[in-house]
Protein chains: 2
Amino acid sequence: MRISDVARHAGVSPSTVSYVLSGKRSISPATRRRVLDSIDVLGYQPHAGARALASNRSNVIALVVPLRPGIHVPVAMQFAVSVVTSARDREHDVLLLTQAEGEGGLRRVAGTSMVDGIIVMDVEVDDARIPTLRSLSHPSVLIGVPAETEGLTCVDLDFEAAGRACAAHLAALGHREIALIGQPPSVYERRTGFAERTVAGFRAEAHERGIGSAVVPCDAAPTAVAAAVTGLLGERPGVTGLVVHNEPAVAPLLDAVRGLGREVPADISVVAIAPDDVATETSPPLTSVSLPAEEVGGRAVSLLMDKLDDLGPPEVTLLPPRLVPRASAAARPALP
Amino acid sequence: MRISDVARHAGVSPSTVSYVLSGKRSISPATRRRVLDSIDVLGYQPHAGARALASNRSNVIALVVPLRPGIHVPVAMQFAVSVVTSARDREHDVLLLTQAEGEGGLRRVAGTSMVDGIIVMDVEVDDARIPTLRSLSHPSVLIGVPAETEGLTCVDLDFEAAGRACAAHLAALGHREIALIGQPPSVYERRTGFAERTVAGFRAEAHERGIGSAVVPCDAAPTAVAAAVTGLLGERPGVTGLVVHNEPAVAPLLDAVRGLGREVPADISVVAIAPDDVATETSPPLTSVSLPAEEVGGRAVSLLMDKLDDLGPPEVTLLPPRLVPRASAAARPALP
DNA sequence: GTGAAAGCGCTAACAA
DNA sequence: TTGTTAGCGCTTTCAC
């Protein structure tokens, strides 16, 4: 079943069928109808390889998913799914690349014209893949913001503003000493952009408001969380506000605080940076800045499509954070 | 940069370059060297679309990942990653399809020759996609086993044997009444194969050994787990052995048991069906049947490759479960 | 062991 | 508004 079969069936030329399908030139309504009917009757589906060869477009984009220590898989998958969904909305499929494939993988899928463009998740401040991406003739979009963005296209939640918003919220509630329970140490060690920017915003806001702040990197294991919380509240008994930027640590953190005989939010206020579903499933529901995975993924795809259409999108797109007050943050308790 | 450029540079014909690359006919060592050198020097990468068009092989397989309620994402991703890794080992890439694309997606990627074959995860007992898969001329492999496997190729852990192994292990330790804390209700409602088979094996083994058994579907939320455990041990005080087949419920379950004043394994023995990493991270480490995601994913890929090579692989491949005793299951306590 | 050449099925430039 | 046709870059038959 080829395009010429459809053409014969509809009594037109192959190019007309092609143009009906691509919409790249105007077709009389009557012809268009006949062609579409023939396609339908014959069940025609164009050959992807032939298309890619002739048009120099594969209609596939590559997505590099992060699978390294410290990455919270469900959140990563939310991004991936929203990329796939948005790509499908725009007639593109998604080729899955793992981190492990490294830069060779990027060169391979671009060099063989398997894909039209590349989306890279979990970008580090000084990401080793960036020189490779720059060297490719294929467009790419980064989810995450590296140190040097010249000539790149990046999109992410504005984590600095998110860190600020959390600190500001606690400050406004009267807290005078606050702490950030962060990502696992490995995430900071490899200098992942989002983690670093959150810390920076949190510290800056606290500093500007003249309140005390501390940052505690934290592994996800419940015992590690308990140790971190216990250590923190032991060393800094004045801390009454906690920001948690570590999805799997959220529940253990609440447990640990209670295990110390403190109530949330009566004794300790907690603000999370996490997807809405994890913030609303706890008890009490958490005041949180949501992680808009769907929006970020969708935006990454539109930015990539813009580049494919030779529009010059902005280098950095930061989505503003939205802090939703729920039940886990309240005014600082009166001093004992 | 095309194959003819390489041919010219190496002083051979394009077909020779092609044959060097494919290994489909013998080439003199000297020629082969020259060609490979030229490829290297010129940095030649064959055009994937042209290849697919001429050879009728895209060297891409589609993977349908499950993203529905009750699915534990990290486990699903372990499968996906092992599929990608194994596929890459065999010169194939992976196109990511979401459940949401449904059967139309399967028809699309097959009909347009985007992919050479399809792997479908999380197959239900009476899966709606099976008729579509059967109708395609492309080979496919199912991860999971439906009711009717005629003409299909399926691979999975032998969950029935896993359920049996857990029951047998507890029985051998002297437990006379045991219970299975299972997947969320929705998973059973849509009749997911692996969940159903585990229950069947668990029940059958307990019955054959003449011991009491109960099955409690269970949502992952800690409160739901606590309710399930409390309800169960309340209604059936004789239960001294628990099998848990629900990854995110593992930690909350241990908490809940302890919350009831029972020790693991002194009062209550626990056996998990879970990936090794979740079984070893708890305290105490869990006696468990491991979920060999890597092996299943890898096997799915080899089965698909076998079908592409026209070997006729078996319809059903069940990997034998391996129960590893750790510290969470012990002899039944003496009666009070 | 190697080469020549005919497609694979589509798109898009050119022509009408 | 539509048709004709020359490729796109590779694989593979056929021929030597």
Side-chain angles (χ1 to χ4, degrees), chain A residues 1-36 38-39 42-60 91 108-116 137-138 308, chain B residues 1-36 38-39 42-60 91 93 108-116 137 308:
Chain A
M1 176 58 48
R2 305 167 326 212
I3 199 170
S4 57
D5 298 322
V6 177
R8 193 169 321 114
H9 186 272
V12 298
S13 74
S15 61
T16 297
V17 177
S18 175
Y19 284 119
V20 166
L21 252 15
S22 70
K24 287 189 183 172
R25 80 180 181 192
S26 58
I27 302 281
S28 74
T31 304
R32 154 192 247 49
R33 253 282 48 88
R34 281 215 313 290
V35 169
L36 290 176
S38 296
I39 287 176
L42 301 177
Y44 168 70
Q45 302 191 267
H47 187 288
R51 233 174 200 195
L53 179 56
S55 69
N56 217 17
R57 279 292 179 91
S58 66
N59 273 34
V60 175
E91 313 271 61
R108 183 172 55 79
V109 295
T112 60
S113 295
M114 290 197 89
V115 304
D116 298 332
S137 51
H138 284 62
L308 286 171
Chain B
M1 175 59 46
R2 303 167 326 209
I3 200 169
S4 58
D5 298 321
V6 177
R8 193 170 319 114
H9 187 271
V12 298
S13 74
S15 60
T16 297
V17 177
S18 175
Y19 284 118
V20 165
L21 251 17
S22 70
K24 287 190 182 170
R25 81 180 181 192
S26 57
I27 303 280
S28 75
T31 305
R32 152 190 247 61
R33 253 285 46 89
R34 282 214 315 290
V35 169
L36 291 176
S38 297
I39 287 176
L42 301 178
Y44 167 71
Q45 302 192 267
H47 187 288
R51 231 173 200 195
L53 179 55
S55 69
N56 216 19
R57 279 293 179 89
S58 65
N59 273 33
V60 175
E91 314 272 59
D93 275 279
R108 183 173 55 79
V109 295
T112 60
S113 294
M114 291 197 89
V115 304
D116 298 332
S137 52
L308 286 171

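Below, read A as the first sequence line, B as the second, and so on, with proteins coming before strands; counting in each chain starts at 1. Remember, it's a predicted structure, so these values are computed and weren't measured experimentally.
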Contact check, side chains of B/Asp93 and A/Arg108, non-hydrogen atoms, under 4.5 Å: yes

Sugar-phosphate, base or nothing in reach of B/Ser28, heavy atoms under 4.0 Å: sugar-phosphate

4.5 Å side-chain heavy-atom contact, B/Ile39 and B/Leu21: yes

Flag, side chain of B/Asp116 to backbone of B/Ser58, donor-acceptor distance under 3.5 Å: yes

Any A/Tyr19 side-chain heavy atom under 4.5 Å of A/Ile27 side chain: yes

For chain B, the stretch of DNA chain D it reaches, first to last nucleotide, under 4.0 Å of its heavy atoms: D/dG9 to D/dC14

Residue pair A/Arg2 / A/Ser4, side-chain donor-acceptor N/O under 3.5 Å: yes

5' precedence on DNA chain D between A/Ser26 and B/Ser22 (nearest-nucleotide basis): A/Ser26

Considering all heavy atoms, the nearest A/Leu42-A/Asp5 contact: CD1-O, 3.9 Å

Polar pair under 3.5 Å, donor/acceptor by atom type, side chain B/Ser15, base C/dA4: yes

Atom pair distance, as rounded to whole Å: NZ in A/Lys24 and P in C/dC14: 16 Å

Separation of atom CG in A/Asn56 from atom C1' in C/dA13, rounded to whole Å: 15 Å

d(CZ, A/Arg25; C1', C/dA12) in whole Å: 9 Å

Touch class at under 4.0 angstrom, heavy-atom based, for B/Thr16 against every strand present: sugar-phosphate

Spacing of A/Ser15 atom OG and A/Lys24 atom NZ [to the nearest 0.5 Å]: 13.5 Å

d(CZ, A/Arg57; C1', C/dG9) in whole Å: 19 Å

Residue pair B/Leu308 / B/Arg57, side-chain heavy-atom distance below 4.5 Å: yes

Donor-acceptor side-chain pairing of A/Thr16 and A/Ser13 below 3.5 angstrom: yes

Members of residues 42-55 of chain A that approach DNA chain D, where some heavy atom sits under 4.0 Å away: A/Leu53, A/Ala54

Sugar-phosphate only, base, or nothing, as touched by B/Thr31 at under 4.0 Å among non-hydrogen atoms: sugar-phosphate

